[in-house]
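Report on the following structure.
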Amino acid sequence: MIDPNSIGEILYSPEDISKRVKELGKQISEEYAGKEIILVCILKGSYVFTADLSREIDVPCSVEFMQVSSYADSTVSSGSLKIIKDINVPVDDKHLIIIEDIIDTGITLNNLKKMLSTRNPASLKLCAFLDKPSRRKVDIEADYVGYEVEDNFLVGYGLDYAQKYRNLPFVAILKEEIYK
Ligand code: IMP
Ligand code: MG
């Protein structure tokens with residue numbers, strides 16, 4: 001069982017999350033009316049958000065999965081992205097929305113956006129459930145954001161610490177003594 005003492009403040013309850021995800025789904029459905037979209041779920045963190053958001057979208061949509069890792073030393077290779085799993089469909093002339101759990105430094109999304117743009121999609125937008133703008137190292141903004149958050153290490157709703165806590169149905173602050 002997850003040690004309840006490792007979890008600090010709960011920022012978003014399952015009810016908060018469900019309400020916000022419905023709003024995002026409605027907004028996306030309205031903006032893409034008459035179009036078809038491909039949701040690009042960035043594994044692993046965004047699997048929960050993608051599952052919920054996709055069920056709140058009522059325009060035709062498919063879901064593809066990608067797993068990437070940004071090189072840790074951003075000063076050396078911020079332009080490079082290691083693709084662990086690529087999507088296996090052509091995206092030219094398709095409307096893509098990249099779905100992320102959280103934008104932190106922005107390096108991952110910035111690189112992904114550049115990389116997917118070279119495949120000539122009809123459009124490319126970014127949707128992140130959480131956004132930590134105070135930590136940004138590159139200039140990137142998501143088109144759709146669930147919540148803007150302060151600089152804390154968060155877990156739950158797909159977000160992990162050492163691969164755990166993803167299954168928590170809420171978003172909480174991980175206590176500092178767990179990772180410091
Ligand atoms: P970025 O390239 O720094 O924007 O990296 C974003 C990635 O870092 C996310 O997809 C998460 O996997 C991870 N990340 C950033 N902040 C947190 C957090 O507070 N909790 C869990 N994972 C995080
Ligand atoms: Mg992630």
Side-chain angles (χ1 to χ4, degrees), residues 2-14 16-17 20-21 24 38-54 63-87 96-118 124-180:
I2 286 172
D3 176 6
N5 294 320
S6 60
I7 304 293
E9 189 190 345
I10 294 181
L11 297 185
Y12 305 110
S13 68
D16 297 331
I17 294 171
R20 188 68 190 112
V21 172
L24 288 171
I38 302 181
L39 302 178
V40 183
C41 169
I42 308 304
L43 296 171
K44 298 176 187 173
S46 75
Y47 78 103
V48 181
F49 178 41
T50 304
D52 284 350
L53 181 66
S54 62
V63 185
E64 298 292 335
F65 298 87
M66 228 176 143
Q67 190 170 11
V68 298
S69 77
S70 286
Y71 289 94
D73 188 350
S74 60
T75 56
V76 174
S77 53
S78 63
S80 52
L81 189 73
K82 188 171 162 195
I83 300 179
I84 297 164
K85 186 210 174 301
D86 204 345
I87 50 176
L96 302 188
I97 306 180
I98 300 175
I99 315 289
E100 256 287 38
D101 50 357
I102 186 164
I103 319 179
D104 187 35
T105 63
I107 291 169
T108 309
L109 263 185
N110 192 47
N111 288 338
L112 251 174
K113 194 179 176 187
K114 273 194 229 157
M115 202 273 284
L116 286 175
S117 301
T118 65
L124 177 56
K125 287 198 176 183
L126 310 177
C127 174
F129 181 62
L130 300 171
D131 185 9
K132 271 188 203 171
S134 62
R135 296 252 312 159
R136 213 62 107 247
K137 288 189 182 158
V138 292
D139 184 23
I140 187 153
E141 264 181 64
D143 301 279
Y144 307 98
V145 171
Y147 298 103
E148 218 173 82
V149 292
E150 316 240 298
D151 183 14
N152 289 298
F153 197 85
L154 307 178
V155 291
Y157 200 64
L159 294 160
D160 74 306
Y161 171 65
Q163 299 303 325
K164 297 198 187 72
Y165 304 96
R166 294 192 197 277
N167 57 325
L168 295 177
F170 48 80
V171 174
I173 298 176
L174 187 68
K175 285 197 178 158
E176 280 194 13
E177 58 260 35
I178 305 298
Y179 61 93
K180 285 221 166 125

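Indexing begins at 1, ligand by ligand and atom by atom, following the structure's order.
- Residue contacts with ligand 1 include G106, since one or more of its heavy atoms lies under 4.0 Å from the ligand.
- Each of the atoms 1 (P), 2 (O), 5 (O) of ligand 1 lies under 4.0 Å from some heavy atom of T108.
- Every atom of ligand 1 is numbered from 1 in the order shown, and the set under 4.0 Å from a heavy atom of K132 is 16 (N), 17 (C), 18 (C), 19 (O).
- Close approach to E100 involves these atoms of ligand 1, each under 4.0 Å from a residue heavy atom: 10 (O).
- Residue N152 places a heavy atom less than 4.0 Å from ligand 1.
- No side-chain heavy atom of V149 sits under 4.5 Å from any side-chain heavy atom of D131.
- Only the side chain of L159 comes within contact range of ligand 1, with a heavy atom under 4.0 Å; no backbone atom does.
- D16 and Y147 form no side-chain donor-acceptor contact under 3.5 Å, judged by distance and modelled atom types alone.
- Residue-ligand proximity, D160 to ligand 1, at heavy-atom distances under 4.0 Å covers atoms 21 (C).
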*Please test V68 against M115 for side chain to side chain contact (heavy atoms under 4.5 Å, CB included), starting from the C-alpha separation and ending with a verdict.*
CA-CA 11 Å; V68 298; M115 202 273 284; 5.7 Å; no
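- Considering F129, F170, Y165 in turn, F129 is the only one that fulfils the ring pair (Phe, Tyr, Trp, His ring centres under 6.0 Å) rule with Y157.
- Atoms of ligand 1 found under 4.0 Å from any heavy atom of L154, numbered from 1 in the order shown, are 18 (C), 19 (O), 20 (N), 21 (C).
- Ring orientation note: the planes of Y179 and Y161 are tilted relative to one another, at an angle of 30° to 60°.
- Heavy atoms of K44 come nearer than 4.0 angstrom to ligand 1 in no pair at all.
- Counting only distance, with no hydrogens or angles, the side chain of K132 and the backbone of I102 share no donor-acceptor pair below 3.5 Å.
- For ligand 1, the atoms sitting less than 4.0 Å from at least one non-hydrogen atom of I107 are 2 (O), 4 (O), numbered in the order shown with element in parentheses.
- S54 places a side-chain N or O within donor-acceptor distance of the main-chain N or O of A51, the cut-off being under 3.5 Å.
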